[in-house]
Protein chains: 2
Amino acid sequence: MVASLKQIARECGVAISTVSRALNGHPSVSPATREQVVATAARLGYRPNTAARALRSRSSSTVGVVLPDMLNNFYAACTAVLQEQFEQRGYGMVLAVTRNDPSREREALQRLSSAQVEGLVLVPTSRRWELPGAQVPVVEMNRHSSRSGVDVVQSEERDGAREVVEHLLALGHERIAVIVGEQQFSTTLERVDGARQALDAAGLPLPAEYLLYGRHTRAWGAEAFRAAWALRPRPTAVFAASSELALGALHAAQRLGVSIPRDLSLVAFGDPDWFEVCQPPLTSFEQPLHEVGMIAAQLLLSRLSGEQAAPRASRVRVRGRLLVRESTAAPA
Amino acid sequence: MVASLKQIARECGVAISTVSRALNGHPSVSPATREQVVATAARLGYRPNTAARALRSRSSSTVGVVLPDMLNNFYAACTAVLQEQFEQRGYGMVLAVTRNDPSREREALQRLSSAQVEGLVLVPTSRRWELPGAQVPVVEMNRHSSRSGVDVVQSEERDGAREVVEHLLALGHERIAVIVGEQQFSTTLERVDGARQALDAAGLPLPAEYLLYGRHTRAWGAEAFRAAWALRPRPTAVFAASSELALGALHAAQRLGVSIPRDLSLVAFGDPDWFEVCQPPLTSFEQPLHEVGMIAAQLLLSRLSGEQAAPRASRVRVRGRLLVRESTAAPA
DNA sequence: CTGAAAGCGCTTACAG
DNA sequence: CTGAAAGCGCTTACAG
């Protein structure tokens with residue numbers, strides 16, 4: 001039998017409403033009553049029923065987080081940050097996974113809406129999404145959709161990709177293959193755009209066959225790397241625009257017996273722990289995932305606390321930094 | 001304004017109870033009524049209020065998962081499996097993180113109890129834990145506590161560790177350092193035990209200074225590796241009993257200029273993607289994380305469906321397998 | 001400072 | 001097949 005206010009009330013000989021007030025720190029409760037109630041609650045192992053509380057107070061103290069995949073290092077790290085921030089402010093967090101599938105995204109949004117979440121952090125999978133039911137504040141994280149009126153926080157993808165390619169250009173590379181994920185993601189768009197900007201500035205083209213669109217998977221990273229290696233004229237450098245892609249590329253390189261950076265330079269995006277211990281340690285553009293998570297949480301939290309009286313939506317971009325390690329060198 | 005049964009009832013000119021029955025597929029509703037109700041619900045974007053439903057029906061359709069850390073590859077992967085299994089069976093999943101801190105574990109259990117979870121998958125942090133409130137079925141995953149009456153599923157730690165050490169012995173190693181995490185975890189105990197069994201069988205000792213207890217962190221992996229390298233006589237092989245520890249050890253080795261496996265062999269436990277592309281590719285004992293997650297979910301689900309009429313608690317151990325790659329060789 | 005009462009949105013016997 | 005009613009556990013005006 002799990003304890004309820006009713007039971008505590010009976011034991012203490014007071015009304016349920018008094019118990020509620022005592023336990024919730026309402027000021028108008030006599031110290032004696034409060035003490036007795038608190039003691040009884042503790043003795044009975046009372047735990048408030050969140051469903052009842054949410055129903056009655058019309059506030060669930062819960063936020064939703066919708067992301068593509070928990071196994072992805074970037075999202076796992078962001079989620080850990082979000083979880084901590086929300087917990088600190090008394091919000092529960094409920095997670096939903098989309099696998100970048102718009103129909104799963106729709107279901108996730110419905111589920112969270114049913115759960116009466118008070119706000120949402122969303123990594124959008126499609127250009128347009130609809131929030132069923134109550135219209136709560138949403139912040140888009142990492143990627144953005146075409147929706148207006150929502151806060152967005154992401155890393156400075158364009159500048160990051162530009163910096164990566166500039167690094168390669170500075171080393172003397174002129175034929176650079178770019179391996180990216182899903183063409184429709186805003187991140188892909190911006191990374192390609194940044195790469196192109198750097199190339200343009202150097203008066204170099206980015207031929208279509210050097211630009212390899214696919215999916216953010218290890219498998220595509222490997223396949224695209226093999227395709228890049230087979231290109232004629234052969235690229236002297238490869239930019240793998242995520243850690244998953246880099247993992248696949250690196251694996252393919254090792255299988256093909258391609259020596260990095262002697263035969264070919266490789267740069268990645270993202271910076272999981274293992275980039276430092278792989279063969280060779282990877283030059284990479286580190287995304288500011290901790291900051292992105294923090295800012296997403298802060299943005300949502302401030303909307304929830306009503307601090308921001310419906311001002312314009314924010315659009316925050318956080319800069320990352322290039323970490324030069326051993327996978328890049330001048331072309332042979 | 002978010003739609004409720006009341007609103008739909010008003011629009012359709014029927015009672016709330018009829019709407020509820022129509023939407024929940026109750027048989028005794030005329031096809032015409034059902035059709036009209038369903039259409040109206042769709043038009044209004046009706047989403048059931050889970051709090052109300054949970055409160056009234058005394059069942060939340062939610063299970064809790066309590067684990068140390070979402071960033072850890074092993075737990076992230078298990079969680080992904082759990083999430084999928086529970087979702088398929090109509091259960092929501094709420095996550096809580098303990099960071100291996102018993103007091104956080106206590107809070108997590110309280111929070112989940114408040115949320116009226118109907119069951120729990122728990123990676124216990126302490127030898128004893130208490131579930132406040134309603135006594136729901138619990139499955140311990142990966143580690144076990146001293147609690148009786150709960151189902152346990154884990155990988156065959158002891159056999160795994162024994163196999164790792166036997167592999168080293170077969171290569172001719174006689175001085176093997178073992179780097180492990182928290183001494184109080186059941187996994188640590190069993191891994192050490194397995195290593196010792198193999199050594200015993202070969203008539204070799206495991207001197208205390210070759211057994212390095214610490215924490216499951218990259219930092220301890222590095223520190224312990226340096227300590228192992230400084231030992232006299234120097235060990236010819238190191239067994240790092242988790243992927244985090246292996247990451248630290250590998251990093252330290254590279255910093256110290258220790259060439260693996262020429263100067264020293266290194267074996268790990270676990271098998272994140274990157275073990276294959278690191279320098280050198282790591283020989284490792286792959287834990288059956290997918291199976292562990294699946295079985296944990298099945299065990300809990302079958303308790304929830306009441307299939308098992310309170311039989312004895314199960315204790316499942318799943319075997320992993322040794323993947324020999326390039327970090328192990330005969331001693332110099 | 002305290003209690004009685006209403007009501008959050010839903011489900012489910014019960015009666016018809 | 002349908003409706004009226006009770007009630008899940010809580011919070012919160014309102015009255016005293």
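Everything numeric here is computed off the predicted structure, so don't read it as measured data. Below, chain A is the first sequence line, B the second, and so on; all start at residue 1.
Here the C1' atom of nucleotide D:dG3 and the CZ atom of B:Arg10 are 17 Å apart, to the nearest Å. Between the CZ atom of A:Arg47 and the C1' atom of D:dC10 there is a distance of 15 Å, rounded to whole Å. When rounded to the nearest whole Å, the span between CG of B:Leu23 and P of D:dT2 equals 14 Å.
A search for side chain to side chain donor-acceptor pair (under 3.5 Å) contacts involving B:Arg99 returns A:Glu84, not counting sequence neighbours. Considering only residues two or more places apart in sequence or on other chains, B:Glu118 meets the side chain to side chain donor-acceptor pair (under 3.5 Å) condition with none of them. Remark: B:Glu291 engages no residue in a salt bridge (charged side-chain N to carboxylate O under 4.0 Å, His left out) (not counting sequence neighbours). Partners of B:Arg111 under the side chain to side chain donor-acceptor pair (under 3.5 Å) rule, at least two apart in sequence or in another chain, do not exist in this structure. For B:Glu157, the side chain to side chain donor-acceptor pair (under 3.5 Å) partners at least two apart in sequence or on another chain are B:Ser155, B:Arg191.
Every pair passing salt bridge (charged side-chain N to carboxylate O under 4.0 Å, His left out) that includes a residue from residues 5-21 of chain B is listed here, sequence neighbours excluded: B:Glu11-B:Arg43. For residues 22-40 of chain B, no residue pair satisfies the salt bridge (charged side-chain N to carboxylate O under 4.0 Å, His left out) rule, not counting sequence neighbours. For residues 69-83 of chain B, the set of pairs meeting the salt bridge (charged side-chain N to carboxylate O under 4.0 Å, His left out) definition, not counting sequence neighbours, is empty. Screening residues 120-130 of chain B for salt bridge (charged side-chain N to carboxylate O under 4.0 Å, His left out), with sequence neighbours left out, gives B:Glu130-B:Arg147.
With distances taken from any side-chain atom of A:Arg58 to the nucleotides D:dC8, C:dG9, D:dC10, the minimum falls on C:dG9. The listed nucleotides are D:dG9, C:dT2, D:dC1; the one nearest the side chain of A:Ser4 is D:dG9.
Across B:Leu300 and B:Pro137, no two heavy atoms sit closer than the pair CD1-O, 3.6 Å.
With salt bridges taken as basic N to acidic carboxylate O contacts below 4.0 Å, one links A:Asp151 and A:Arg303.
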- Query: How is the base pairing of DNA chain D summarised as a dot-bracket string, given the Watson-Crick and G-U wobble criteria with both distances under 3.5 Å, [ ] for crossing and | for another strand?
  - Reply: |||.||||||||.|||
- Task: Assign a letter to each nucleotide of nucleotides 11-16 of chain D from its 5' end: B, base within under 4.0 Å of a protein heavy atom; S, sugar-phosphate only; -, no contact.
- Result: BBB---
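Checking the phosphate oxygens (OP1, OP2) of C:dT2, a side-chain nitrogen or oxygen of A:Ser30 falls inside 4.0 Å.
Heavy-atom distances to DNA chain D give each of B:Ala15 and A:Asn49 a nearest nucleotide, and the one nearer the 5′ end belongs to B:Ala15.
Only at 4.0 angstrom or more do the heavy atoms of residues 32-43 of chain A sit from any atom of DNA chain D, so none qualifies.
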